[in-house]
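Notes for the one structure printed next.
All ligand and atom numbering here is 1-based and tracks the order in the structure.
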Amino acid sequence: MTTTKIAPELIADHAHSASARVDSDYKHLGEQLARRGVNIDTLKADVAKFAVAVPSWGVGTGGTRFARFPGKGEPRNVFDKLQDCGVINQLVRCTPTVSPHFPWDKVSDYKELRQHAESFGLGFDAVNSNTFSDQKDQPRSYKFGSLTHADAGVRAQAVAHNIECIEIGKQIGSKALTVWIGDGSNFPGQSHFRRQFDRYLDSNRQIYAALPDGWQMFLEHKMFEPAFYATVIQDWGSSLLAALSLGEKARCLVDLGHHAPNTNIEMIVARLVHAQKLAGFHFNDSKYGDDDLDSGSINPFQLFLVFNELVDAAQSKAPNFNPAYMLDQSHNVTDPIESLMTSAVTVQRCYAQALLVDRVALTGYQDSNDVLMAAQTLKSAFHTDVTPLLQKIRIEAGGAADPVATYRASGYRANMAAIRPASGPSSGIV
Ligand code: LRH
Ligand code: MN
């Protein structure tokens, strides 16, 4: 019988042998937090509800334009990808949904795909369209753009693809379409900025009109790549202009890696919350460009500061505030399952720490210009080690105290390497 999951007994054994130390660490953390007026069980109940979606394209080994070095037991198709996402959620218990990408995840029977996902306890988050690469026997090329291409025929093809993604999404239970396009230019003069933006709005109005009730469309901005001089939706300003022009169902998605180094992303989040246009996130980390590194692996304090804005918005009941949380990473040198598990836990950790910010004290220090104490109030939350809380939540949810240790003990990757043929090295992202 081929392995499709981690043996529940193994997870239970590991959780059992960890529970004594986790309980004592949890008790100790509880005493520390009680001294700060925080009830750890109330905090646990809140953090236990946190969930972040896994990108279907994240469980395969990623690459760069220079090369891709495939790992062992690579998923062969979307069914394998969902199985691997099932393993991730078995161990971390906070990734119950998958964000699919089309046509990479195209199948002939979406009812079967939905049932396959459900067999692993998974649902589907936002669907992602792809008009940034040409598919085999695609009539018209996206070389010079898609939704903003000067040729109406290419734009119509791109609009039709996005509407097809919505139709697929309806069958698999998604409630949102993420539209990221690489459209832009490499040379000054190559494109007319205003006419190009008008074409973007015109194409997206047609996609917007096809959105079922209860659906949203997430506009994803990106500073550069594949365009290297100008990108049509280059920054949150262009994205917000478009979302405001399109209507209520259009929101702005923030991919952390899509900004210039040192951009104050947490302030962009506060602005989009103010505009009631925050769609959600593609969490990852980067030092230079759109590096798609593991969330919190380079700048965990920035990730915490983003969640500080999100918790502040939620606690102050900001109107129309219900952001979607998704990972969007490319794993070139690690086991994608291990990276996605540790990244999901890192994002959950930043949410828990943001809940520990004493907002009454912070407001007092801000309003009295006690700058140092205001900064320290955030730092003391960020410096709180909530590991026992996250372990307790996982164990109580039937997951692993230490997901990577249990995953490695399961031999899942070796088992997959035995049944999934090795795919050769190649260049470019899968
Ligand atoms: C673009 C992006 C987008 C996805 C792609 C895989 O850089 O972040 O969200 O479509 O990565
Ligand atoms: Mn993204």
task: Report yes if the side chains of Tyr407 and Ile337 come closer than 4.5 Å at any heavy-atom pair, otherwise no.
output: yes
query: Which ligand 1 atoms, with their elements, are less than 4.0 angstrom from a heavy-atom of Trp57?
result: 6 (C)
- prompt: Does any donor atom in the side chain of Asn332 or Ser330 lie under 3.5 Å from an acceptor atom in the other side chain?
  reply: yes
query: Is it true that Tyr142 and Phe132 have ring centroids separated by less than 6.0 Å?
result: no
- request: Just say parallel, tilted or perpendicular for the rings of Tyr325 and Phe281, cut-offs at 30° and 60°.
  value: tilted
task: Answer yes or no for Asp328: is there an N/O/S atom below the 2.8 Å cut-off from the Mn ion (ligand 2)?
output: yes
task: Report yes if the distance between the aromatic ring centroids of Phe224 and Tyr229 is under 6.0 Å, otherwise no.
output: no
- prompt: So which bit of Glu225 gets within less than 4.0 Å of ligand 1, heavy atoms only: side chain, backbone, both or neither?
  reply: neither
- request: Check ligand 1 against Asp255 and write out every atom of the ligand that is under 4.0 Å from a heavy-atom position of the residue.
  value: 8 (O)
- prompt: Has the side chain of Arg394 got a donor or acceptor atom that lies under 3.5 Å from a matching backbone atom of Gly399?
  reply: no
task: Verify the neighbour count for atom CG of Asn262: are there more than 12 heavy atoms of other residues, nucleotides or ligands below 6.0 Å?
output: no
message: Show me which atoms of ligand 1 lie under 4.0 Å from any heavy atom of His282.
response: 9 (O)
- prompt: Is the ring centre of Phe228 less than 6.0 Å from the ring centre of Phe187?
  reply: no
statement: Among the N/O/S atoms of Asp255, the Mn ion (ligand 2) lies closest to OD2
- prompt: Which is closest to atom 11 (O) of ligand 1 in terms of heavy atoms, Asp292, Ile181, Asp328, Asn130?
  reply: Asp328
message: Contact between ligand 1 and His101 is defined here as a heavy atom of the residue under 4.0 Å from a ligand atom; is it met?
response: yes
statement: For Glu220, the N, O or S atom at the shortest distance from the Mn ion (ligand 2) is OE2
query: Should you measure from each heavy atom of Glu220, which atoms of ligand 1 turn up under 4.0 Å away?
result: 2 (C), 3 (C), 8 (O), 9 (O)
- request: Output yes when a side-chain donor or acceptor of Thr346 lies under 3.5 Å from a complementary backbone atom of Thr342, and no otherwise.
  value: yes
query: Does even one non-hydrogen atom of Asn128 get within less than 4.0 Å of ligand 1?
result: no
task: May I ask you to check if ligand 1 and Trp104 share an N or O to N or O distance below 3.5 Å?
output: no
query: Which atoms of ligand 1 sit under 4.0 Å from any heavy atom of Asp290?
result: 7 (O)
Whether His282 has an N, O or S atom under 2.8 Å from the Mn ion (ligand 2): yes
